[in-house]
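Report on the following structure.
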Amino acid sequence: MLSPKPDKVELLAPAGNFEKLEIAIHYGADAVYLGGKEFSLRNFSGNFSLEEIKQAVAYAHGHDVKLYVTVNIYARNDQQPFIAAYLEQLGALGPDGVIVADPGVFMTARERMPHIPLHLSTQANSTNYKTVEFWQRLGIRRVNMARELTLAEIKAIAEQAQIEVEAFVHGAMCIAYSGRCLLSSFMANRHSNRGMCTHPCRWKYALVEE
C-alpha cells in the first residue's frame with residue numbers, strides 16, 4: 001500500500017557534519033540528509049561514521065526532524081560486499097530513509113534493510129512520470145527529479161505520480177550522465193559519480209589565479 005503524499009512541502013537540507021546538522025535543524029528544516037564516510041557522493045564533506053549517524057538520528061528525532069542517509073554512488077564490483085554489510089548496519093540505526101541511485105544498491109538495500117524507506121537520488125536522472133511509475137512499482141517511496149527539469153515539467157510529474165516527488169531548489173547543476181561529470185574524471189583525475197567530481201569552471205579560475 002502506498003503512503004499518502006504529504007500535505008505540505010518538506011524542506012530538506014544537507015548536513016556535511018554535525019555542526020551543519022544542528023544549524024539546519026535550528027533554522028527550521030523539516031528533514032536533513034547526510035552521507036557516511038563511504039558510498040555517498042560528497043566524499044569531501046566531513047560526513048558521518050556509523051556511530052555519528054546513530055547520534056545524528058537521535059538528535060534529529062529528538063527535534064521532530066526526519067533524517068535520510070545517502071548511499072548514492074554508482075558502485076563497482078569490488079564494493080558490493082562492503083556496501084551490503086554497510087547497509088545492514090545502517091538499517092539498524094533507524095534513519096527515516098536511505099537515498100540510492102544505483103539499481104544494484106537499491107536491490108541490496110531492499111534485501112538488507114527492508115524496513116527502511118528508499119528514496120531515489122537525482123543522480124538516477126528521472127525526467128518523466130513513467131520513470132517515476134517504474135520506480136514506484138519496485139518499491140521506491142520518493143523520487144528526486146533530474147535537476148535540468150523545468151518547474152512545469154516537475155508539476156506535471158507530481159500531478160501524475162502516486163508517490164512523493166522531490167526537487168532541488170539550490171545547488172550545483174549536477175546531471176548524472178552529463179559530459180561535465182566525465183570531464184572531471186579526465187581533466188582532474190577525480191572520478192565521476194563516486195563523490196569526487198569537480199566542475200570545469202573551477203579549474204579555469206584556478207588556472208587564472210596561479
Side-chain angles (χ1 to χ4, degrees), residues 3 6 10-124 139-144 164 166 168 170-172 174 176 190-198:
S3 299
E10 177 186 89
L11 178 60
L12 172 59
N17 56 42
F18 215 100
E19 180 183 15
K20 293 175 181 177
L21 173 82
E22 293 174 321
I23 291 171
I25 291 174
H26 176 77
Y27 283 100
D30 300 306
V32 293
Y33 69 95
L34 54 86
K37 295 293 186 181
E38 298 180 283
F39 312 129
S40 80
L41 289 183
R42 296 189 177 208
N43 284 351
F44 295 105
S45 297
N47 293 333
F48 293 71
S49 67
L50 284 168
E51 179 59 31
E52 289 168 335
I53 292 174
K54 180 180 179 180
Q55 296 170 9
V57 169
Y59 183 85
H61 289 175
H63 290 79
D64 198 27
V65 169
K66 292 183 178 181
L67 184 142
Y68 311 124
V69 180
T70 58
V71 188
N72 57 344
I73 64 164
Y74 282 93
R76 303 293 172 87
N77 292 330
D78 59 352
Q79 294 175 301
Q80 299 306 318
F82 303 104
I83 289 174
Y86 177 74
L87 287 168
E88 193 162 322
Q89 293 174 298
L90 187 59
L93 303 181
D96 297 283
V98 169
I99 302 167
V100 301
D102 185 318
V105 174
F106 165 74
M107 182 174 64
T108 303
R110 288 289 302 271
E111 295 168 352
R112 297 300 179 113
M113 42 180 232
H115 58 294
I116 301 295
L118 298 178
H119 298 180
L120 191 69
S121 170
T122 187
Q123 292 298 119
I140 284 287
R141 299 279 288 275
R142 176 187 297 182
V143 175
N144 192 338
E164 295 176 1
E166 180 180 335
F168 273 91
H170 176 74
C174 180
R190 286 167 59 172
H191 297 295
S192 58
N193 296 320
R194 302 190 76 185
M196 302 176 66
C197 60
T198 186

**OP:** State, with a plain yes or no, whether a side-chain heavy atom of Val69 is found less than 4.5 Å away from one of Leu34.
**Re:** yes
Original post:
Can you list the residues that meet the side chain to side chain donor-acceptor pair (under 3.5 Å) rule with Tyr68, with sequence neighbours excluded?
Top reply: Glu10, Arg142
**OP:** For Pro95 and Leu90, work out which heavy atoms get closest and say how close.
**Re:** CD-O, 3.4 Å
Subject >> Ring center gap for Phe39 and Phe82 short of 6.0 angstrom >> reply: no
Subject >> Backbone N/O of Leu11 and side chain of Asp30: donor-acceptor pair under 3.5 Å >> reply: yes
Subject >> Phe48 CZ to Lys54 NZ distance, which is reported to the nearest 0.5 Å >> reply: 15.5 Å
Original post:
Which residue pairs satisfy the salt bridge (charged side-chain N to carboxylate O under 4.0 Å, His left out) criterion with at least one member in residues 105-121, sequence neighbours excluded?
Top reply: Glu88-Arg112
**OP:** Give the C-alpha distance, both sets of side-chain angles, the deciding distance and a yes or no for side chain to side chain contact (heavy atoms under 4.5 Å, CB included) between Asn72 and Val100.
**Re:** CA-CA 4 Å; Asn72 57 344; Val100 301; 5.8 Å; no
**OP:** Look at the side chain of Ser121 and the backbone N and O of Ala124, then say whether any donor-acceptor pair between them is shorter than 3.5 Å.
**Re:** no
**OP:** Over all heavy atoms of both residues, which pair between Ser40 and Thr70 is shortest? Give the atoms and the distance, please.
**Re:** CB-OG1, 3.2 Å
Original post:
Between Tyr27 (side chain) and Glu22 (backbone), is there a donor-acceptor pair under 3.5 Å?
Top reply: no
Original post:
Taking atom CG of Leu87 and atom CD1 of Ile83, what is their separation to the nearest 0.5 Å?
Top reply: 7.0 Å
**OP:** May I ask you to test the Asn144-Ile99 pair for a side-chain heavy-atom distance under 4.5 Å?
**Re:** no
Subject >> Asp102 side chain vs Ala75 backbone, donor-acceptor pair below 3.5 Å >> reply: yes
Original post:
Where is the tightest heavy-atom contact between Gly36 and Tyr86, given as atom of each residue plus distance?
Top reply: CA-OH, 3.5 Å
**OP:** Quick one: closest heavy-atom pair of Val65 and Ala29, and the distance?
**Re:** CG2-O, 3.5 Å
Subject >> Expected output: side-chain His119 to main-chain Ile140 donor-acceptor under 3.5 Å >> reply: no
**OP:** Kindly say whether Glu52 contributes a backbone atom to a donor-acceptor pair with the side chain of Gln55 at under 3.5 angstrom?
**Re:** no
Original post:
Below 4.5 Å, heavy atoms only, C-beta onward: do Asp96 and His61 meet side chain to side chain?
Top reply: yes
Subject >> Reported CG-to-NZ distance for the pair Leu12 and Lys66, which is rounded to 0.5 angstrom >> reply: 10.5 Å
**OP:** Look up atom CD1 in Ile53 and atom NZ in Lys37, then write down how far apart they are to the nearest 0.5 Å.
**Re:** 9.5 Å
Original post:
Do the non-hydrogen side-chain atoms of Asn17 and Asn47 ever get within less than 4.5 Å of each other?
Top reply: no
**OP:** Hey, can you tell me if Phe18 and Tyr59 have their rings parallel, tilted or perpendicular (30° and 60° cut-offs)?
**Re:** perpendicular
**OP:** Kindly indicate whether the side chain of Gln123, heavy atoms from C-beta on, has any atom under 4.5 Å from the side chain of Ile73.
**Re:** no
Original post:
Is Leu21 close to Leu67 at the side-chain level, that is, under 4.5 Å between some pair of heavy atoms?
Top reply: yes
Subject >> Chi angles and distances behind the side chain to side chain contact (heavy atoms under 4.5 Å, CB included) call for Val143, Glu166 >> reply: CA-CA 6 Å; Val143 175; Glu166 180 180 335; over 6 Å; no
**OP:** Kindly compute the distance separating NZ (Lys20) from CD1 (Ile25), expressed to the nearest 0.5 Å.
**Re:** 14.5 Å
